[in-house]
Amino acid sequence: MNRILAIETSCDDTSVAVVSGLGRVEACCSAHQDLAHAPFGGVVPEIASRNHTEAILPLVETALQKADRTWTEIEGVAVTNRPGLLGSLLVGVVTAKTLALTKSLPWIAVNHIEGHLLAPWLRDDDYAPPEGFAFPYLALAISGGHTHLFLVEELGRYRLLGKTVDDAAGEAFDKFAKMMGLGYPGGVHVDRQAKSGRVDRFQFPRSMLREAHLDFSFSGLKTAGQRALEGLSEEQLSEAIPDLCASFQEAIVDVLLAKLEKAGQQFGVKRVVLTGGVSANSRLRERAQSLANARGWQLAVPPLRYCTDNAAMIGYAGLLRLRRGEYSAQDLGPSPSSLPTDFL
Ligand code: KG4
Ligand code: ZN
């Protein structure tokens, strides 16, 4: 049975995992930086990479201990090398390469998005892929950094159907929350406030719904959010926050699900995955489940620990490469964007 140590540092979470066999997560240890970035209302790249540097080696030790493994039982080191914040990726890549070199192991570079797409296949004591889950499936990878809709045909064959042309869905949540003085990460606060709000009090745009393509745009929504807040006194704002959040959130959910539904019809696919931090959104989950019931889809939403950025998903993608003998060259480095060859 193959076993891999995996590292993820593409944004602001430092994560190290030990993954074996059929995606069995033996340990996944993460250090989150939400508190460090909260005063700025978003991720500050320099702070993120400095924190990765401090957290990474202790996390490697902790993950090995938690998995109860030694280096002699590890057959490769996988690491996210793209896309992401360059300084953050660099910390993970340099660490992975150095560990691989000193332990005489292969290193395997993994595209972060591929990790998200494969997250439903992970398993541990409390989670297993849904019964009957199989390829092909549609996957919405939605987070603070990306909004992608993929057709996952099989392992290694990912067809990008659509992506955001400007802001990511999570970024829209975060920026709107920041405008209202709610905390970071904003999506969590908007979700919470929206529970007691009305979805129809404020009219927010649903961009690109009439177009045939499957791309997304959220910058118009952000501007509309800003406009809705202008002219509100502090008192009016605090009264309106739940309704603002519910109306804003509904616009995002409408767009995400409309594109998903369109893709389902276009490609005749009946399995759907939500992944990435925004898939934690309670309204999105609820409405995606209703849509799945209405359309006869199988909906898979991996547990939050595998939806948000984590090294286990990178380990699984790396493990598949390791099995095929696909190792990375020593001179390969990090890159802020995906390679043209990563997706169809
Ligand atoms: O996957 P993730 O942890 O990191 C990135 O790769 O960005 O996603 C973080 C994003 C943030 O934008 C955050 O506001 C959003 O996920 N998020 C949510 C919720 N929980 C986290 N958005 C909407 N509703 C939520 N409950
Ligand atoms: Zn991500």
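Note that the structure is a prediction, hence the values are computed from the model and not measured. First listed ligand is number 1; within each ligand, the first listed atom is number 1.
Other residues, nucleotides and ligands place more than 12 heavy atoms under 6.0 Å from the CZ atom of Arg201. Surrounding CD of Glu235 are at most 12 heavy atoms belonging to other residues, nucleotides or ligands under 6.0 Å away.
Between Phe248 and Phe176, the ring-plane angle classifies as parallel under the 30° and 60° cut-offs.
Considering Ser88, Pro334, Ser335 in turn, Pro334 is the only one that fulfils the side chain to side chain contact (heavy atoms under 4.5 Å, CB included) rule with Val93. Only one option out of Glu286, Arg287, Gln249 pairs with Asn281 in a side chain to side chain donor-acceptor pair (under 3.5 Å); it is Gln249.
A donor and an acceptor atom, one from each side chain of His52 and Thr14, are located under 3.5 Å apart.
A donor-acceptor pair is defined here as one N or O able to donate and one able to accept, closer than 3.5 Å; no such pair exists between the side chain of Lys259 and the backbone of Asp254.
For residues 325-344, every residue pair satisfying the ring pair (Phe, Tyr, Trp, His ring centres under 6.0 Å) rule, not counting sequence neighbours, is listed here: Phe150-Phe343.
The hydrophobic cluster containing Leu90, built from Ile/Leu/Val/Met/Phe/Trp/Tyr side-chain heavy atoms closer than 4.5 Å, also comprises Val94.
Shown here are the protein N/O/S atoms lying under 2.8 Å from the Zn ion (ligand 2), water excluded: His112 NE2, His116 NE2, His146 NE2, Asp309 OD1.
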Check ligand 1 for close polar pairs with the protein: N or O on both sides, less than 3.5 Å.
{"residue": "ligand 1", "atom": "1 (O)", "partner": "Gly277", "partner atom": "N", "Å": "3.0"}
{"residue": "ligand 1", "atom": "6 (O)", "partner": "Ser143", "partner atom": "OG", "Å": "3.3"}
{"residue": "ligand 1", "atom": "6 (O)", "partner": "Asp309", "partner atom": "OD1", "Å": "3.3"}
{"residue": "ligand 1", "atom": "6 (O)", "partner": "Asp309", "partner atom": "OD2", "Å": "2.8"}
{"residue": "ligand 1", "atom": "7 (O)", "partner": "Gly144", "partner atom": "N", "Å": "2.9"}
{"residue": "ligand 1", "atom": "7 (O)", "partner": "Gly145", "partner atom": "N", "Å": "3.4"}
{"residue": "ligand 1", "atom": "12 (O)", "partner": "Gly170", "partner atom": "O", "Å": "3.2"}
{"residue": "ligand 1", "atom": "12 (O)", "partner": "Asp174", "partner atom": "OD1", "Å": "3.3"}
{"residue": "ligand 1", "atom": "12 (O)", "partner": "Asp174", "partner atom": "OD2", "Å": "2.7"}
{"residue": "ligand 1", "atom": "14 (O)", "partner": "Asp174", "partner atom": "OD1", "Å": "2.6"}
{"residue": "ligand 1", "atom": "14 (O)", "partner": "Gly187", "partner atom": "N", "Å": "2.9"}
{"residue": "ligand 1", "atom": "24 (N)", "partner": "Gly187", "partner atom": "O", "Å": "3.3"}
{"residue": "ligand 1", "atom": "24 (N)", "partner": "Asn281", "partner atom": "ND2", "Å": "3.0"}
{"residue": "ligand 1", "atom": "26 (N)", "partner": "Asp191", "partner atom": "OD2", "Å": "2.9"}

